[in-house]
**Q** 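Quick one: this structure, given as structure tokens, is what I'll be asking you about.
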Amino acid sequence: MLMKTEPLKDWSEHNREQHFHEVMRGGWARLRPHALTFLLTGLVTEETPLARKDMTRFVCSSSNPDGDLSLSCWEDPSTWDEDEQAEVRRQMADAARYAAYYGLPPLQTNDDVITLLVAADVIHEIPDRDGVLRLHPAHPLPAPADVFPLAEEEAAIQRQLRFEAAYEDASYKIIDLFHPDGDRQSELTTSLERLARAIDGDPHDARQAVQLLLNEGDFTASLDITDLPPHKVFRLWCDWTQFDATRIGIHKMTDEGQMEVTLPTDFPGPEGEPAPRK
């Protein structure tokens, strides 16, 4: 499982955006504690590498308003019910297993999370010209299964996430075909060969991208695409009402270190009110 990674060297906006999407789409957001995701995405909010002391803003919370890295990386359990406490105990056991794999003690603090990610070569801690250790994310970012001994159930979920990440951009290009002039259309007559040209891929890529859309439930097809010949014409439908009600769009990390997303229409806001779309 041990793998060699390389640190990010080109801190262009394109590569920093790519890192953000690799964190959010690559399975890292499923791992706990939450600080792990916040720290990984925070690494690339600036155009140059940050030192550990600069990472405090990404772990600020009501119980840790200053983002002290020496404080607990786990949420305050005082308000949890029994089921939530059992789930967090499982998460803590998983995190302890990941740490033990690298000869580290169980995760207790936010600084422990950074130390684990450095040990796993997910982050490279490299001295700058003044001798200050700075944090460089691995580029490309490895998947969690590449560096941690995941439980089989989690590993299966991660494999599905990697499948989705591989064809997500192609699926977005197919969605774009439903509103070429700005007006949404509900039906598209096409073939895998035509879709392959539209996504700059091959019929296999098109088949997988269509399957990804069908898996979400808001798209349906007139034919089973599993073994459909690439030249065979079929119809693809989109239920825009369901599309808007169920999909979350993750766009980018803002300059303030916040994630920009589009929320589903049925996503609950405070006190059950509809949440803002962004």
Side-chain angles (χ1 to χ4, degrees), residues 20 23-43 55-102 104-117 119-120 122 143-145 147-162 164-165 215-217 245-250 253 257-278:
F20 172 77
V23 174
M24 300 310 299
R25 298 177 181 177
W28 286 100
R30 283 188 51 81
L31 301 190
R32 297 294 180 267
H34 287 103
L36 187 150
T37 301
F38 301 151
L39 291 166
L40 273 179
T41 53
L43 286 172
M55 303 298 289
T56 57
R57 56 183 158 162
F58 306 115
V59 293
C60 292
S61 65
S62 58
S63 59
N64 185 11
D66 296 326
D68 189 338
L69 294 181
S70 67
L71 294 186
S72 176
C73 58
W74 300 99
E75 297 176 30
D76 180 5
S78 60
T79 59
W80 297 341
D81 61 29
E82 290 185 6
D83 289 341
E84 291 171 329
Q85 291 183 22
E87 175 62 17
V88 172
R89 284 195 294 270
R90 183 194 64 77
Q91 294 169 357
M92 295 177 75
D94 286 342
R97 188 172 68 256
Y98 306 155
Y101 186 78
Y102 291 97
L104 299 172
L107 300 185
Q108 298 291 337
T109 69
N110 293 304
D111 197 60
D112 290 343
V113 176
I114 298 176
T115 297
L116 172 59
L117 292 172
V122 178
V147 296
F148 294 147
L150 303 180
E152 182 50 42
E153 180 180 357
E154 178 63 27
I157 294 172
Q158 292 278 345
R159 285 192 292 271
Q160 178 63 23
L161 289 174
R162 296 189 75 172
E164 293 174 0
N215 291 347
E216 293 297 320
T246 58
R247 287 184 179 251
I248 296 178
I250 298 173
M253 177 73 81
Q258 297 178 326
M259 296 179 219
E260 182 178 300
V261 301
T262 301
L263 297 174
T265 56
D266 63 356
F267 191 87
E271 299 181 0
E273 294 296 323
R277 292 285 284 154
K278 285 193 177 181

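Starting from 1, each residue takes its place in the sequence as its number.
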**Q** Can you name the one residue among Asn110, Val122, Leu117 that meets side chain to side chain contact (heavy atoms under 4.5 Å, CB included) with Leu36?
**A**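 Between Leu36 and the candidates, side chain to side chain contact (heavy atoms under 4.5 Å, CB included) is satisfied uniquely by Leu117.
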**Q** For Trp28, what residues pass the ring pair (Phe, Tyr, Trp, His ring centres under 6.0 Å) criterion, not counting sequence neighbours?
**A**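 Here the qualifying residues are Phe148.
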**Q** Which residues satisfy the salt bridge (Lys or Arg N to Asp or Glu O under 4.0 Å) test with Asp112, sequence neighbours excluded?
**A**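 For Asp112 there are no salt bridge (Lys or Arg N to Asp or Glu O under 4.0 Å) partners, ignoring immediate neighbours.
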**Q** Under the side-chain contact (heavy atoms from CB on, under 4.5 Å) rule, collect the residues that match up with Pro105, sequence neighbours excluded.
**A**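 Testing Pro105 for side-chain contact (heavy atoms from CB on, under 4.5 Å), a comparison that skips the adjacent residues, returns none.
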**Q** Going by salt bridge (Lys or Arg N to Asp or Glu O under 4.0 Å), name the residues that satisfy it together with Glu154, two or more places apart in sequence or in a different chain.
**A**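 Residues passing salt bridge (Lys or Arg N to Asp or Glu O under 4.0 Å) with Glu154: Arg30.
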**Q** Does some side-chain heavy atom of Met55 sit less than 4.5 Å from a side-chain heavy atom of Leu43?
**A**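 Leu43 vs Met55: side chains touch.
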**Q** Could you report the tightest heavy-atom contact between Leu116 and Ala99, atom names first, then the distance?
**A**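 In this case the closest contact between Leu116 and Ala99 is CD1-CA, 3.8 Å.
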**Q** Could I get the full list of side-chain contact (heavy atoms from CB on, under 4.5 Å) partners for Thr56, not counting sequence neighbours?
**A**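 Checked Thr56 against side-chain contact (heavy atoms from CB on, under 4.5 Å); matches are Leu69.
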**Q** Tell me the salt bridge (Lys or Arg N to Asp or Glu O under 4.0 Å) pairs involving residues 88-99, sequence neighbours left out?
**A**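 Qualifying pairs: Glu87-Arg90, Arg90-Asp94, Asp94-Arg97.
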**Q** Applying side-chain hydrogen bond (donor to acceptor under 3.5 Å, both in side chains), name anything that partners Ser72, two or more places apart in sequence or on another chain.
**A**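 Result, side-chain hydrogen bond (donor to acceptor under 3.5 Å, both in side chains) vs Ser72: none returned.
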**Q** Can you sort out the partners of Glu84 under salt bridge (Lys or Arg N to Asp or Glu O under 4.0 Å), two or more places apart, ordered by chain and number?
**A**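 Once residues adjacent in sequence are excluded, Glu84 has no partner under the salt bridge (Lys or Arg N to Asp or Glu O under 4.0 Å) criterion.
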**Q** Find the distance between CE (Met92) and SG (Cys73) and round it off to the nearest 0.5 Å.
**A**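 Atom-to-atom, Met92:CE and Cys73:SG are 7.5 Å apart.
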**Q** For Glu153, give me all partners under salt bridge (Lys or Arg N to Asp or Glu O under 4.0 Å), at least two apart in sequence or on another chain.
**A**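 Residues passing salt bridge (Lys or Arg N to Asp or Glu O under 4.0 Å) with Glu153: none at all.
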**Q** Specify the closest pair of heavy atoms between Leu31 and Pro144, including all atoms of both residues, with the distance to one decimal.
**A**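 Looks like CD1-CB, 3.8 Å.
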**Q** Can you name the nearest heavy-atom pair linking Ala120 to Val147, along with the distance?
**A**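 So the minimum-distance heavy-atom pair works out to O-CG1, 3.7 Å.
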**Q** Residues two or more places apart in sequence or in another chain: which of them pass side-chain contact (heavy atoms from CB on, under 4.5 Å) with Asp68?
**A**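 side-chain contact (heavy atoms from CB on, under 4.5 Å) check on Asp68 returns Asn64, Ser70, Leu71.
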**Q** So which atom in Leu161 and which in Gly27 form the shortest heavy-atom distance, rounded to 0.1 Å?
**A**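 Between these two residues, the closest heavy atoms are CD1-CA, 3.8 Å.
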**Q** How close do Leu107 and Pro33 get, counting heavy atoms only, and between which atoms?
**A**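 Nearest pair, atom of Leu107 first, then Pro33: CD1-CD, 4.0 Å.
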**Q** List for me each residue that meets side-chain hydrogen bond (donor to acceptor under 3.5 Å, both in side chains) alongside Asp76, sequence neighbours excluded, and say none if there are none.
**A**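 Here the qualifying residues are Ser78.
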**Q** Taking all atoms of both residues into account, what is the closest heavy-atom pair of Ala29 and Thr37, and its distance?
**A**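 Looking at all heavy atoms of both residues, the shortest contact is CA-OG1, 3.3 Å.
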**Q** Once you round to the nearest 0.5 Å, how far does CD of Glu152 lie from CD1 of Ile157?
**A**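 Between Glu152 CD and Ile157 CD1, I get 10.5 Å after rounding to 0.5 Å.
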**Q** Quick one, Thr41 and Phe58 - any side-chain contact, counting heavy atoms below 4.5 Å?
**A**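 No, every pair of side-chain atoms sits at 4.5 Å or beyond.
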**Q** Any non-hydrogen side-chain atom of Trp74 less than 4.5 Å from a side-chain atom of Arg32?
**A**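 Heavy-atom side-chain distance check passes, below 4.5 Å.
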**Q** With sequence neighbours excluded, what pairs up with Ala165 under the side-chain contact (heavy atoms from CB on, under 4.5 Å) test?
**A**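 For Ala165 the side-chain contact (heavy atoms from CB on, under 4.5 Å) partners, ignoring immediate neighbours, are Arg25.
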